[in-house]
Amino acid sequence: MVRVRFAPSPTGLVHVGSLRTALYNFLFARHHGGVHILRVEDTDRTRYVEGAVENLLRTMEWVGITFDEGPAHGGDYGPYTQSERTETYRKYADELIKNGKAYPCFCTSERLDEVRKHMQATGQPPMYDRHCRNLTDEEIEVKMEAGIPHVVRLRIPLGETITFNDLVRGDVSFDSKTIDDQVLLKSDGFPTYHLANVIDDYMMKISHVIRGEEWLSSTPKHVLLYRAFGWEDSMPKFAHLPLLLNPDRSKLSKRQGDVAVEDFRDKGYLPDALINFVALLGWNPSATEEIYSMEELIAQFDLAKVNKAGAVFGREKLDWFNAEYIRKKSLDELLILVKPIAKDRGYMVSDEYLKKVIHLMQERSRSIFDFVDFAGYFFKAPTEFEEKSKAKNWTPEAKERIAQLLPQFKALTDWTHESIEGIVRSYAEANTLSAGKLIHPLRLAVSGVGMGPGVFELLEVIGKDEVCSRLEYAIANL
RNA sequence: GGCCCCUUCGACUAGUGGUUAGGUCACCACCCUUUCACGGUGGUUGCACGGGUUCGAAUCCCGUAGGGGUCACCA
């Protein structure tokens with residue numbers, strides 16, 4: 001039975017790296033008909049952010065990643081929030097101490113800092129000097145009696161090689177002498193990630209741990225913990241995903257641009273586009289196809305095809321995906337997305353009108369904001385006119401021709417792009433002009449810019465009265 | 001610095017001993033065209049380097065270089 005978990009720490013907004021981890025867990029679970037679990041790892045009280053869990057839930061819903069068990073979903077292995085499980089962790093930590101697999105450590109953080117500094121100064125790797133590893137029972141008791149704060153550390157066996165198999169990277173080995181006597185229980189009684197993670201994965205019967213590569217070097221600690229508990233036989237399989245990278249190939253971070261899923265939503269990206277893009281960062285089904293729906297991703301997903309090397313989060317291709325998904329949407333779907341934006345800009349138009357605008361803008365929009373922000377002329381008359389186009393197209397002759405065209409427009413009873421085009425083309429023909437001599441100045445006068453949808457469609461949508469009034473304005477003022 | 005991981009066009013990647021090294025984004029050119037897009041056609045650019053193994057290496061082995069991650073009472 002495949003049981004996987006997405007285990008975020010509620011410390012803020014959801015990072016796109018976390019999104020990819022959640023996505024792969026979700027795809028893997030669904031592909032195998034398994035269970036996808038959400039577990040909240042809130043053992044660091046100092047970093048906890050109010051509302052982060054709610055935000056996470058909303059974000060996951062927005063992108064279409066669902067869970068079968070979790071704080072808001074129920075399940076037989078709860079609670080799914082680590083701060084509600086502290087008794088369990090303490091119990092297991094005690095068991096480890098009794099078995100001699102762990103020991104209490106009374107060192108102050110000041111002492112620890114000094115030790116670290118000294119080791120670095122003498123060119124050694126900064127590790128705990130195991131000062132409390134061999135305290136006698138009496139010494140421990142005395143310090144306990146005195147109420148000296150302590151942590152619990154794992155007694156790492158000396159001189160062992162820990163090897164585990166990673167589904168992405170194959171066998172990976174570590175020498176135990178390079179591993180610190182890890183803190184399992186902090187002095188505030190809360191567990192560290194390592195302890196809570198191993199206990200929960202065991203108790204929740206997790207079959208596969210799919211997480212970012214930043215965890216690879218702490219995996220031997222986890223393996224040792226499974227051994228210390230005697231749970232080695234039910235140890236999950238590990239799969240460490242390649243990191244998402246900044247353009248300079250460092251770990252993807254804020255500072256070099258937006259990294260929160262919310263930022264992408266706020267910039268007009270569609271969830272399906274983001275998912276499609278992120279899914280293909282570090283994994284590829286070996287096909288030439290690029291566009292995949294969530295259902296197709298589930299059908300295709302295979303951990304064996306996850307790459308080893310980190311992937312740069314390149315926004316150009318994300319933009320392409322977004323444009324691609326915008327083109328695939330129906331007018332009604334787009335209306336729902338664009339309407340609030342138009343409203344926000346103060347453009348009060350009917351749904352019918354907005355749909356016409358959307359239709360003309362659909363294949364030129366890369367973001368859902370483009371429908372409104374690159375097409376302001378559909379909503380209000382231009383007050384500024386692009387200088388470049390003006391210099392090129394708004395010649396005195398052009399102005400004269402537009403003035404001659406205007407009465408014909410006014411007389412037109414059938415205001416469709418076909419009949420508008422008919423008028424313009426026959427005028428051009430009668431005067432042996434290329435149609436462009438009329439089209440370009442018309443566009444400028446009506447829209448204020450030199451680019452956009454086909455002019456005749458543009459004029460049709462904007463409407464006869466408005467077009468005529470804009471032309472009159474341009475003739476008088478430009 | 002120690003340990004671990006990684007290395008195919010600028011980016012995402014296909015490729016698992018024999019390919020003219022393929023696709024997508026971006027870029028360039030041309031076509032379509034009233035502009036911008038869309039679409040179509042074509043194109044520039046890549047196996048980090050050095051040794052092996054082999055009749056034959058992007059593919060296997062070793063080394064070097066480069067990049068990244070990690071070394072907290074954070075996850």
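Naming: A, B, ... by sequence-line order, numbering from 1 per chain.
- Distance check on atom C1': B/U7 versus B/C47 gives 10 Å, rounded to whole Å.
- Between A/Tyr193 and A/Trp215, the distance from one ring center to the other falls under 6.0 angstrom.
- Rounded to the nearest Å, the gap between the C1' atom of B/C27 and that of B/U44 is 9 Å.
- Contacts of A/Ser434 with the nucleic acid, taken as non-hydrogen atoms under 4.0 Å apart, are absent.
- Rounded to the nearest Å, the gap between the P atom of B/C28 and that of B/U20 is 31 Å.
- The side-chain heavy atoms of A/Thr11 and A/Tyr48, taken from C-beta on, include no pair separated by under 4.5 Å.
- Taking 4.0 Å as the cut-off between side-chain N and carboxylate O, A/Arg327 and A/Glu324 count as a salt-bridged pair.
- When the C1' atom is compared between B/A48 and B/G66, the two are found 7 Å apart, to the nearest whole Å.
- Rounded to whole Å, the distance from CZ on A/Phe238 to P on B/C4 is 18 Å.
- Nearest heavy atoms, A/Phe174 versus A/Val172: CE1-CG1, 3.5 Å.
- Using a 4.0 Å cut-off, no side-chain N or O of A/Lys317 falls inside it from OP1 or OP2 of B/U13.
- Note: A/Phe313 and A/Phe277 meet the aromatic proximity criterion, with ring centroids under 6.0 Å apart.
- Whole-Å rounding puts the A/His222 NE2 to B/C4 C1' distance at 14 Å.
- The line from CG of A/Asn25 to CG of A/Leu38 is 10.5 Å long, rounded to the nearest 0.5 Å.
- In this entry the distance linking CZ of A/Arg20 with C1' of B/C12 reads 12 Å, nearest Å.
- Pair check for B/U64 finds B/A48; Watson-Crick or G-U wobble, both atom distances under 3.5 Å.
- A 3.5 Å limit on both hydrogen-bonding distances identifies no Watson-Crick or G-U partner for B/U35.
- Aromatic pair A/Tyr24/A/Phe301: ring centres closer than 6.0 Å.
- Atom pair A/His240:NE2 and B/C5:P shows a separation of 12 Å (rounding to whole Å applied).
- Within residues 279-293 of chain A, the residues approached by RNA chain B to less than 4.0 Å at the level of any non-hydrogen atom are A/Leu280, A/Leu281, A/Gly282, A/Asn284, A/Ser286, A/Thr288, A/Glu290, in residue-number order.
- To the nearest angstrom, P of B/U24 lies 15 Å from CG of A/Asn276.
- Residue contacts shown for A/Arg153 are limited to sugar-phosphate atoms, with no base heavy atom under 4.0 Å away.
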Which pairs, protein N/O on one side and nucleotides 61-71 of chain B N/O on the other, fall under 3.5 Å?
residue : atom : partner  : partner atom : Å
B/G69   : OP1  : A/Lys251 : N            : 3.2
B/U70   : OP1  : A/Lys251 : NZ           : 2.9
B/U70   : O4'  : A/Ser217 : OG           : 3.3
B/U70   : O2'  : A/Ser217 : OG           : 3.2

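- Proximity of A/Asn307 to the phosphate of B/U13: a side-chain N or O atom is located under 4.0 Å from OP1 or OP2.
- Residues meeting the side chain to side chain contact (heavy atoms under 4.5 Å, CB included) test with A/Tyr292, sequence neighbours left out: A/Asn276, A/Leu280, A/Pro285, A/Ala287, A/Glu289, A/Glu296, A/Leu297, A/Gln300.
- Atoms NE2 (A/His15) and C1' (B/A75) sit 13 Å apart, rounded to a whole Å.
- Residue pairs meeting the salt bridge (Lys or Arg N to Asp or Glu O under 4.0 Å) criterion with at least one partner in residues 118-131 of chain A, sequence neighbours excluded, are A/Arg111-A/Asp129, A/Arg130-A/Asp181.
- The separation of B/U8 from B/U24, taken at their C1' atoms, amounts to 15 Å, rounded to a whole angstrom.
- Pair assignment for B/G1 gives B/C71, based on Watson-Crick or G-U wobble hydrogen-bonding distances that are each under 3.5 Å.
- Residue whose closest nucleotide on RNA chain B sits further toward the 5' end, between A/Val312 and A/Glu41: A/Val312.
- Judged by distance alone, with hydrogens and angles left aside, the side-chain atoms of A/Ser176 form a donor-acceptor pair with the main-chain N or O of A/Pro157 at under 3.5 Å.
- Taking 4.0 Å as the cut-off between side-chain N and carboxylate O, A/Glu95 and A/Lys101 do not count as a salt-bridged pair.
- Counting non-hydrogen atoms under 4.0 angstrom, A/Ser389 reaches nothing in the nucleic acid.
- Phosphate proximity of B/U16 to A/Lys305: absent, as no side-chain N or O sits under 4.0 Å from OP1 or OP2.
- The ring of A/His208 has its center closer than 6.0 angstrom to the ring center of A/Phe28.
- Counting only residues at least two apart or in different chains, side chain to side chain donor-acceptor pair (under 3.5 Å) contacts with residues 250-263 of chain A comprise A/Asn55-A/Glu262, A/Asn246-A/Ser250, A/Asn246-A/Ser253, A/Asp248-A/Ser250, A/Asp248-A/Gln256, A/Asp258-A/Lys267.
- Between the P atoms of B/G51 and B/G43, the separation comes to 34 Å (whole Å).
- The separation between A/Arg47 atom CZ and B/A72 atom P is 15 Å, rounded to whole Å.
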Treat primed atoms plus P, OP1 and OP2 as sugar-phosphate and everything else as base, then score nucleotides 27-41 of chain B 5' to 3': B for base contact with protein heavy atoms under 4.0 Å, S for sugar-phosphate contact only, - for none. -------BBBBS---
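- With a 3.5 Å ceiling on both atom-pair distances, the Watson-Crick or G-U wobble partner of B/G18 is B/C55.
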List the steps and the verdict of side chain to side chain donor-acceptor pair (under 3.5 Å) for A/Thr161 and A/Asp175. CA-CA 5 Å; A/Thr161 299; A/Asp175 189 329; 5.3 Å; no
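- Between the C1' atoms of B/G15 and B/A58, the separation comes to 8 Å (whole Å).
- Rounded to a whole angstrom, the distance from the C1' atom of B/U16 to that of B/C25 is 26 Å.
- If you take CD of A/Glu114 and P of B/A72, they are 16 Å apart, rounded to a whole angstrom.
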